[in-house]
Amino acid sequence: MSNVFSQRVARLNGTFDKTYQEMAVDCDFKRSVTWWNKVRWEEIGNPPEPRVFPYLAKALEVPVRRVAEMVAEQWCGVRPDDTVPEHLRSLLAVLRGISPEDVPAVEQLAQMLSDKYTAELLVKSFEPKPEEHEEDGGGGPYTVAQLRSLTGDELRRVAMDVPLGRTTVEDDPEAYALLDAVAGPVDE
């Protein structure tokens, strides 16, 4: 189990610049600045009581149910029995509160973001990897034979790296001629 409650506090404090003072104010001082600091550094041994969950929810900017889940996971070692990835749990809790007529817009946005991530992974999978072209077992620069085995997009990527001073290609006029012959942007 992970320390999801403390991680949420750390994220709000680090990524969103929310201070422990602001967290204390948001929860109507049901928890002190010192308490928030100690939670952040995982120095609190006892879980907060359910009566303060609504106040903590406001400070953590999540629904009360999510506070209960985070407390159960961090302090009791109990995680909700579902397959929702951790990074989507807070989002799911927020989505429960949207209007039914807004669901199509949220689905469309989520689909666009999913497609973007899938495309990024696909592009990354086509990036040349020196270890895939090491017929002679060396881990050094590409040889002319290795360059000839690359696709056009892979050659363009290698060619784009050469002017940046990377030693991806052996110092051979034929290797540079192969790269010079490849023109145009990388297809993404």
Side-chain angles (χ1 to χ4, degrees), residues 1-134 139 154 157 166 186 188:
M1 295 294 143
S2 65
N3 294 330
V4 293
F5 194 98
S6 295
Q7 290 167 0
R8 179 67 183 172
V9 172
R11 184 166 184 245
L12 286 172
N13 182 248
T15 305
F16 299 108
D17 295 325
K18 188 169 186 177
T19 66
Y20 302 132
Q21 179 68 35
E22 291 170 320
M23 291 179 205
V25 168
D26 282 352
C27 75
D28 293 332
F29 291 99
K30 300 294 181 192
R31 291 294 179 257
S32 69
V33 173
T34 303
W35 186 86
W36 287 105
N37 185 36
K38 286 184 174 192
V39 165
R40 160 61 173 97
W41 297 107
E42 301 172 16
E43 297 173 357
I44 298 291
N46 296 321
E49 308 83 31
R51 66 179 171 78
V52 297
F53 287 4
Y55 302 100
L56 299 177
K58 184 177 178 191
L60 295 173
E61 301 173 11
V62 296
V64 175
R65 177 184 167 133
R66 182 65 186 131
V67 171
E69 292 171 351
M70 290 189 299
V71 168
E73 187 169 344
Q74 179 160 332
W75 281 282
C76 304
V78 176
R79 183 178 177 160
D81 188 24
D82 60 29
T83 58
V84 178
E86 180 59 42
H87 70 281
L88 296 177
R89 288 183 185 276
S90 292
L91 177 62
L92 234 102
V94 170
L95 289 174
R96 287 186 183 106
I98 67 167
S99 166
E101 52 266 1
D102 291 333
V103 169
V106 172
E107 285 176 340
Q108 185 179 13
L109 176 61
Q111 186 61 55
M112 288 177 6
L113 292 172
S114 176
D115 292 346
K116 175 185 169 271
Y117 182 65
T118 302
E120 289 169 349
L121 290 176
L122 182 63
V123 167
K124 190 174 184 175
S125 74
F126 287 114
E127 291 178 355
K129 297 172 185 73
E131 61 274 4
E132 291 177 0
H133 301 283
E134 296 177 2
E154 291 172 330
R157 282 185 169 79
R166 295 174 97 197
V186 176
E188 298 205 31

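Heavy-atom minimum distance, Lys30 versus Val52: CB-CG1, 4.2 Å. Scanning both residues, Trp75 and Gly45, for their nearest heavy atoms gives CD1-O, 3.3 Å. Looking at every heavy atom in both residues, Val39 comes nearest to Ser6 through O-OG, 2.6 Å.
Contacts of Arg51 classified as salt bridge (charged side-chain N to carboxylate O under 4.0 Å, His left out), with partners at least two apart in sequence or in another chain: Glu49. Applying the side-chain contact (heavy atoms from CB on, under 4.5 Å) rule to Ser99 yields the partners Glu101, Asp102; only residues at least two apart in sequence or on another chain are considered. In this view, Glu42 satisfies the salt bridge (charged side-chain N to carboxylate O under 4.0 Å, His left out) rule with no residue, not counting sequence neighbours.
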### Worked verdict on Val33 versus Asn37 for side-chain contact (heavy atoms from CB on, under 4.5 Å)
CA-CA 6 Å; Val33 173; Asn37 185 36; 5.6 Å; no

### Query
Where do Tyr117 and Leu113 land on the side-chain contact (heavy atoms from CB on, under 4.5 Å) test, with the steps shown first?
CA-CA 6 Å; Tyr117 182 65; Leu113 292 172; over 6 Å; no

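Atom OH of Tyr20 has more than 12 heavy atoms from other residues, nucleotides or ligands within 6.0 Å. Summarising the local packing, NZ of Lys18 is surrounded by more than 12 heavy atoms from other residues, nucleotides or ligands at distances under 6.0 Å.
Classified by interplanar angle (parallel below 30°, tilted 30° to 60°, perpendicular above 60°), the ring pair Trp36/Phe5 is parallel.
Distance CD/Glu73 to CD/Gln7: 8.5 Å, rounded to 0.5 Å. Expressed to the nearest 0.5 Å, how far CZ of Arg8 lies from CZ of Arg66 amounts to 9.0 Å. Here the CG atom belonging to Leu60 is positioned 11.0 Å from the CZ atom belonging to Phe53, to the nearest 0.5 angstrom. Summarising the geometry, atom CG belonging to Leu95 is positioned 9.5 Å from atom CG belonging to Leu88; distances are rounded to the nearest 0.5 Å. Leu56 contributes atom CG, which lies 11.5 Å from atom CE of Met23 (distance to the nearest 0.5 angstrom). For the atom pair CD of Glu22 and CG of Asn13, the computed distance is 9.5 Å after rounding to the nearest 0.5 Å.
Between Arg96 and Pro63, every side-chain heavy-atom pair lies at or beyond the 4.5 Å cut-off.
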